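Heads up, the thing below is written out as structure tokens.
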There are 2 protein chains.
Amino acid sequence: MAALTGRIETAEIVAVGSELLTAHRIDTNSLYLTGALNALGIVVAIKHVVGDRPAALRAVLQEAVSRADVVITTGGLGPTDDDLTREVVAETLGLALHGVPEILEIITQRFARRGARMPEVNRRQARVIDGARWLPNTHGTAPGQIVTSGNRLVILLPGPPSELEPMFEASVAPVLAARAGGRRLRRRVLKTTGRSESQVEELAQPVYAPLVDETPPIETTILASPGLVELHLSCSGDDEATLDAALDRAIGRLTDALGDAVFSSDGRAIEDIVGALLVERGWRVAAAESCTGGQVLQRLTDVPGSSAWVLGGVVAYDNAVKVEILGVPDRVIATDGAVSDQVALAMADGVRSCTGAEIGIGVTGIAGPGGGSPEKPVGTVFVAVTSAARRDVRQFLFPGTRAMVRTFSAAAALDMVRRHLQG
Amino acid sequence: MAALTGRIETAEIVAVGSELLTAHRIDTNSLYLTGALNALGIVVAIKHVVGDRPAALRAVLQEAVSRADVVITTGGLGPTDDDLTREVVAETLGLALHGVPEILEIITQRFARRGARMPEVNRRQARVIDGARWLPNTHGTAPGQIVTSGNRLVILLPGPPSELEPMFEASVAPVLAARAGGRRLRRRVLKTTGRSESQVEELAQPVYAPLVDETPPIETTILASPGLVELHLSCSGDDEATLDAALDRAIGRLTDALGDAVFSSDGRAIEDIVGALLVERGWRVAAAESCTGGQVLQRLTDVPGSSAWVLGGVVAYDNAVKVEILGVPDRVIATDGAVSDQVALAMADGVRSCTGAEIGIGVTGIAGPGGGSPEKPVGTVFVAVTSAARRDVRQFLFPGTRAMVRTFSAAAALDMVRRHLQG
């Protein structure tokens, strides 16, 4: 490969594949690549998705190569006629392709190991652009390629994430790191719950707005989803220690401003935090869920090793289940209604006693679309968290669809457990 | 607006916003727009994502306008300096902007209704490109715009899906439909479960491969996710009846080839199908879940109105819960192990008797990453479905991560309920 010169600062990603232009498929490779490139201090300036049409791919590639320091294509390296990335990149750069016996041998053996003969079509995957370095594919047949064009790099990667990601780490990251000029980009994520995006914005904006003018400048993005508002901080420079110190200061100031709405600044999800707090105390949790239908327990058991601190629980969708398994008194349901603070408390107490958990969760509400009333409209949810020491219950009115109400409710329940355990 | 001429066949989508170039955000608007454009017979040729940089946006817009019949931008219509789509589109098309008092009035009143004064910055949102038609925003402050440039259309839409989608349906779809020349694209989705992508491919390929050469030609895409393999069929033409007839024929042939792996060809999810089958029989379902941690119940209760046929169930993560609430005999766990066909059956029977459900589900397995053994490696899952009439139990060995094993297991349980109910 020609000697590499010139600093790499900007990248464009070109995802190839008609399936990525349907209403059903998203280009997830670009998320991985963006994170990996940012970590090297390389900014992704533009992302493109093109179908299996030579003309469109040629047009996009020409433009990308004329703008960005590095252009990364994903997909279109398969053995079929649709897979035209190799040919179109070569043509766009005015280069030819040649067959590489070594690759052909590797592919042939790959098939042989599975007792199969290599189909003739796979020969195409052994074709490499003149002057390119080819990148071994440890998880598939299509090798990647790195081509230099003047000061620019064009990198061809396979489409399947299981092939792309190890190839990027093993063969691409080192090449880019050497040319990214040691510039590093560092990130921190501050996770909050229990406040809306605009509430978080109102408290955080006065703190993060000035950060962009400090040295090193820190950029902040707010990302919100039901029950979770994240602040993503990033700054880039040459000295990692300086960057980390600046980010630590910023995280500290933001945490002061946001108070106990902040539950993590190290990337952990709320269920991880809850798990850690339970392990600390040697407590086990159980949940009784109505409107969330099992989402609280599912999120808790998403955590590997959660069997050490989750006993399980009851999904009491039907009132009879609330009464017979959880021992919620009939008359409480009759007087207060199944969606009430008293029933939520009785569910939390009930699931503790029938499982032997030290801390119990009770969730009952109206997720909709039906079942609402003027007194208790859709979105009305009661969450109770009880232990021998304390019994907490809160009423919520969540906005949005059935799915959103359920997600908000599960997030609220997990946060109430966190607050209960933190005293 | 200038008179519209020329047929619209191809579109490019340009999503604007630096947050879409992070490793965390995906451009979901393009999925909605692709579906909506396809329904009008318009093909999306290329999708782009650009940040809040005038130069990059200008470059991408110039190229897109030179290629596509219609270019749709999303985002960058807000009130701040970052929001530069209006200005850059105008500049790219060589047009000026002018303030529209009517829009200003609407925005002012929108703030007034919330008892607020319109911030000065929002004046920018009342600026419209010369010759453009502006599109009212019923869910936000930023109006959309439709500009004609020769035979091409450039359409500016706001970024929030809650604003973009109603605006597209009310103001954009009619304009495009009038120029899409009556050409229509029709789709069908065949959903299967219980077979791997390659198994489905092997059975379906001989059937769908020739379809692309028939008239009208039908294109087929296979989409796979854990426990679900979908065949997406689409064909386009002028006569909807002809297209629908062709798709019905194709669906029929594929269903014959794939047999009872097919559970839906009308878009319904497996939990919808299970719900409909339960309503038919007047049965209620309950589930006892170990490794799935509540995912089966959560998926069942995702369905609006599921309270009519889901009683609830028990998440028996801890063995004591299996014994005490579900009545799984101690000795069965001792002799066969908690992950065994006998325990799965006892869980299904137990949850039926403690809830009174006519059909019960029992799931026990090893989701990993820990807990595996040579006899029962990670991914080993037993699913039982029992009713008074019949007791089914199956052993599975699912590949992949903890999350994948859990998702595979829930899908398998729902499919076993479907098969049990279908006799």
Side-chain angles (χ1 to χ4, degrees), chain A residues 19 21-26 28 31-32 34-35 38 44-51 53 56 59-60 63 67 221 223 232 284 287 289 292-298 300-302 304-307 310-318 320-321 324-325 354-356 368-371 402-403 406, chain B residues 19 21-26 28 31-32 34-35 38 44-51 53 56 59-60 63 67 221 223 232 284 287 289 292-298 300-302 304-307 310-318 320-321 324-325 354-356 368-371 402-403 406:
Chain A
E19 73 282 2
L21 289 170
T22 65
H24 318 282
R25 276 278 187 95
I26 14 170
T28 49
L31 299 182
Y32 166 81
T34 300
N38 289 347
V44 175
I46 309 182
K47 303 194 298 186
H48 313 266
V49 178
V50 301
R53 297 176 170 186
V60 168
E63 301 141 12
R67 281 185 301 248
T221 317
L223 297 183
H232 291 253
R284 286 104 22 104
E289 307 186 50
T292 41
Q295 187 172 157
V296 173
L297 286 161
Q298 201 201 327
L300 288 168
T301 56
D302 276 338
S306 48
S307 52
V310 180
L311 289 180
V314 174
V315 173
Y317 221 56
D318 187 66
V321 175
E324 275 137 47
I325 303 184
C354 71
T355 61
R402 176 181 180 85
R406 283 156 57 95
Chain B
E19 74 281 3
L21 289 170
T22 66
H24 318 283
R25 275 276 187 97
I26 36 172
T28 51
L31 298 181
Y32 166 81
T34 300
N38 289 348
V44 175
I46 310 182
K47 302 194 298 185
H48 314 265
V49 177
V50 301
R53 298 177 170 186
V60 168
E63 301 141 11
R67 281 185 301 247
T221 317
L223 297 183
H232 290 253
R284 286 102 23 101
E289 308 185 50
T292 43
Q295 187 172 158
V296 173
L297 287 161
Q298 201 201 328
L300 288 168
T301 56
D302 276 339
S306 49
S307 52
V310 179
L311 290 180
V314 174
V315 174
Y317 222 55
D318 187 66
V321 175
E324 274 137 48
I325 303 183
C354 72
T355 60
R402 174 182 180 84
R406 282 156 59 95

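Numbered from 1 within each chain, the chains take letters A, B, ... in sequence-line order. We use all heavy atoms of the structure for the numbers below, so side chains are in, but hydrogens, waters and symmetry mates are not. Just so we're clear, the structure is a prediction, and the values are computed from it rather than from any experiment.
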Practice task
Answer yes or no: is there a side-chain heavy-atom contact under 4.5 Å between A/Asp302 and B/Arg406?
Solution key: yes

Handout entry: Close side-chain approach of B/Asp318 and A/Thr355, heavy atoms under 4.5 Å
Key = no

Handout entry: Between B/Ile26, B/Thr28, B/Ile46, the one whose heavy-atom pairs under 4.5 Å with chain A are most numerous
Key = B/Ile46

Fill in the blank from the handout: From the list B/Ala56, B/Ala45, B/Gly35, the residue making the most non-hydrogen contacts under 4.5 Å with chain A is B/Ala45

Completion exercise
With chain B, the option among A/Gly51, A/Gly313, A/Gly294, A/Pro369 that has the most non-hydrogen atom pairs under 4.5 Å is A/Gly313

Exercise for the section: Report the option among A/Ile325, A/Thr34, A/Thr22 that has the most heavy-atom pairs separated by less than 4.5 Å from atoms of chain B. Expected result: A/Thr34

Might you point out which heavy atoms bring [X] and [Y] nearest each other, and give the distance in Å?
{"X": "A/Arg402", "Y": "B/Ser306", "value": "NH2-OG, 3.5 Å"}
{"X": "B/Ala59", "Y": "A/Arg67", "value": "CB-NH1, 3.5 Å"}
{"X": "B/Ala23", "Y": "A/Leu31", "value": "CB-O, 3.5 Å"}

Problem - side chain to side chain contact (heavy atoms under 4.5 Å, CB included) assessment of B/Glu289 paired with A/Leu297 - result: CA-CA 10 Å; B/Glu289 308 185 50; A/Leu297 286 161; over 6 Å; no

Fill in the blank from the handout: Residues at least two apart in sequence or cross-chain that pass side-chain contact (heavy atoms from CB on, under 4.5 Å) with A/Leu21, listed by chain then number, are A/Val49, B/Val44, B/Lys47

Quick check on [X] against chain B: is it the side chain, the backbone, both or neither that has a heavy atom closer than 4.5 Å?
{"X": "A/Thr221", "answer": "side chain"}
{"X": "A/Arg284", "answer": "neither"}
{"X": "A/Thr292", "answer": "backbone"}
{"X": "A/Val314", "answer": "both"}

Practice task
Using non-hydrogen atoms and a 4.5 Å limit, figure out which bit of B/Val321 sits close to chain A: side chain, backbone, both or neither.
Solution key: side chain

